[in-house]
Amino acid sequence: PEAQTLPLILFPDGARLAEPPLPTVADKIGLRTHAQTNFYDLAIVGGGPAGLAAAVYGASEGLHTVIIEREAPGGQAGLSSRIENYLGFPSGLTGGDLARRAVAQAKRFGVEILSPQAVVGLRTEGPYRYLKLADASEISCHVLLLAMGVQWRTLDVPGIDRFQGAGVYYGGGTSEAIACKGETVYVIGGANSAGQAAMHFSKFAEKVVMLVRGNSLAATMSHYLIEQIEKTPKIEVWTQTSLVGVHGEGRLTGITVLCSPSGDTKELPASSLFIFIGALPRTEWLGDVVERDARGFILSGPDLIRAGKKPASWTLSRDPSLLETSVPGIFVVGDVRHGSVKRVASGVGEGAVVVQFMHQYLAKVQ
Ligand SMILES: Cc1cc2nc3c(=O)[nH]c(=O)nc-3n(C[C@H](O)[C@H](O)[C@H](O)COP(=O)(O)OP(=O)(O)OC[C@H]3O[C@@H](n4cnc5c(N)ncnc54)[C@H](O)[C@@H]3O)c2cc1C
């Protein structure tokens, strides 16, 4: 097919869609992007582990629940090639597998999942919370849960954007890893996600080079992972090294790195570069409705009390409960919460716990 008809999607029933908008693809494969009704007991923004867990607990305890998910249920966990530390899975499981199981469980309890569909605005009116969706429709609810997680930071290197998905990948790479068979793969970052990715790529690639700005991994990576990396001969760790250039025509074919002690630059052939340099919340659409910290993470519970005073938007005599935001009945869980532990299990735990606070809120408000 000609380049302008790509991407072209072929379906098992013989249908073909050229350059289709995401909602069209979603519709074709049976995903739902429109709400069945305009009012829910509980609306959840974000279908990562935290949002899915809250949905399972909420719906199983009788709350009419909807999840609105911008991309695909599973969130960042869906990108993880192997989650080794989630209780009950001694040999680990892929993020994709965890997401599929969680979605099946949520649906069994009657949770409605709108995906792909983004939430773009929030307003409150008395006890009701209204969400504006990207298709300009609106849904309302008694209790709102913010579970939008975080999004990976992009690297500021001239021209890098044109290679995204064509040799340059952020925070993921399960499927790309298999395509790296026999190649040298470059991984940027010194935290656990970069370490896990390097371990995973070492199963397929000829060699994995980790480019780390700091002078060791010790300050940023778990000890067990550093040990695994040290025992993997295919992985090389280049410390005090940063990426300064990317090269190629349409696809990545080379990179330039800067070695900071000497100031020397080196040009290297490269076709796969995976970037894991931290993540930020995308909470701008909340405006001033709920309080956030300077980086955009959402404040909750005791973090909202300053000098013994409740936030200005707080209307009740009690203090905000543990996972409640500066607006009664709006809760927050998972990576998007200020001070959260960024793990699958902690997000799932918060998702389970928050439902208890919701019941307490609903008992008083209805
Ligand atoms: C590559 C990788 C490997 C990892 N490995 C591990 C591991 O081995 N063990 C571990 O414990 N943790 C691991 N983590 C961390 C773990 O995945 C996260 O801590 C966890 O997914 C956070 O869950 P969450 O539900 O808070 O947010 P997320 O998983 O970030 O999910 C949030 C969801 O909200 C959606 N969203 C955001 N904004 C909107 C909006 N406006 N409207 C609608 N939807 C929206 C997003 O599309 C996303 O799907 C890994 C992360 C990555 C990226």
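For ligands, and for the atoms within them, numbers begin at 1 and follow the listed sequence.
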S.K.: Is E69 in polar range of ligand 1, meaning some N or O pair under 3.5 Å apart?
M.R.: yes

S.K.: Can you confirm whether the side chains of S272 and E183 place a donor and an acceptor under 3.5 Å from each other?
M.R.: yes

S.K.: Which option out of L52, L225, V344 puts a heavy atom nearest to atom 10 (C) of ligand 1?
M.R.: V344

S.K.: At less than 4.0 angstrom from any non-hydrogen atom of A50, what atoms of ligand 1 do you find?
M.R.: 25 (O), 26 (O)

S.K.: Going by the order shown, which atoms of ligand 1 are within less than 4.0 Å of some heavy atom of V150?
M.R.: 30 (O)

S.K.: Just jot down the ligand 1 atoms closer than 4.0 angstrom to any heavy atom of W285, in number order.
M.R.: 41 (N)

S.K.: Contact between ligand 1 and Q196 is defined here as a heavy atom of the residue under 4.0 Å from a ligand atom; is it met?
M.R.: yes

S.K.: Not counting sequence neighbours, which residues clear salt bridge (charged side-chain N to carboxylate O under 4.0 Å, His left out) with R100? List them please.
M.R.: none

S.K.: My understanding is that we take every heavy atom of each candidate and find the minimum distance to atom 29 (O) of ligand 1. Doing that for E71, Q76, R70, which one comes out nearest?
M.R.: Q76

S.K.: Looking at side-chain heavy atoms only, is the closest gap between T256 and V246 below 4.5 Å?
M.R.: no

S.K.: Against heavy atoms of K342, which atoms of ligand 1 measure under 4.0 Å?
M.R.: 19 (O)

S.K.: Taking atom types as modelled, is there a side-chain donor on H338 or S300 under 3.5 Å from an acceptor on the other?
M.R.: no

S.K.: Verify whether one side chain among H142 and D41 offers a donor that lies under 3.5 Å from an acceptor in the other.
M.R.: no

S.K.: Give the single entry among P49, G48, G347 that approaches atom 23 (O) of ligand 1 most closely by any heavy atom.
M.R.: P49

S.K.: Using non-hydrogen atoms of the residue, decide whether W152 is closer than 4.0 angstrom to ligand 1.
M.R.: yes

S.K.: Taking 4.0 angstrom as the limit and counting only heavy atoms of Q117, give me the atoms of ligand 1 inside it, by number and element.
M.R.: 43 (C)

S.K.: What residues form a ring pair (Phe, Tyr, Trp, His ring centres under 6.0 Å) with H64, not counting sequence neighbours?
M.R.: Y40

S.K.: Taking only heavy atoms of G334, which atoms of ligand 1 are found under 4.0 Å from at least one of them?
M.R.: 26 (O)

S.K.: Going by the order shown, which atoms of ligand 1 are within less than 4.0 Å of some heavy atom of V45?
M.R.: 40 (C), 42 (N), 43 (C)

S.K.: Under 3.5 Å, N or O to N or O, is A345 touching ligand 1 that way?
M.R.: no

S.K.: Only heavy atoms of A118, strictly under 4.0 Å: list the atoms of ligand 1 that pass.
M.R.: 42 (N), 43 (C)

S.K.: Does a side chain donor of either N215 or T239 reach within less than 3.5 Å of an acceptor in the other side chain?
M.R.: no

S.K.: Within 45° of the six-membered ring axis of W314 and under 6.0 Å from that ring's centre, is NZ or CZ of K309 located there?
M.R.: no

S.K.: Kindly compute the distance separating NZ (K234) from CZ (F204), expressed to the nearest 0.5 Å.
M.R.: 9.5 Å

S.K.: Looking only at distances, can you tell me whether any N or O atom of F276, backbone or side chain, sits closer than 3.5 Å to an N or O atom of ligand 1?
M.R.: no

S.K.: Any nitrogen or oxygen of D335, main chain or side chain, under 3.5 Å from a nitrogen or oxygen of ligand 1?
M.R.: yes

S.K.: Do the side chains of E138 and R123 get close enough for a salt bridge, i.e. N-O under 4.0 angstrom?
M.R.: yes

S.K.: Test of understanding: given a 4.0 Å heavy-atom threshold, classify the contact between A147 and ligand 1 as side chain, backbone, both, or neither.
M.R.: backbone

S.K.: Return the orientation label for the Y86 and F89 ring planes: parallel under 30°, perpendicular over 60°, tilted otherwise.
M.R.: parallel

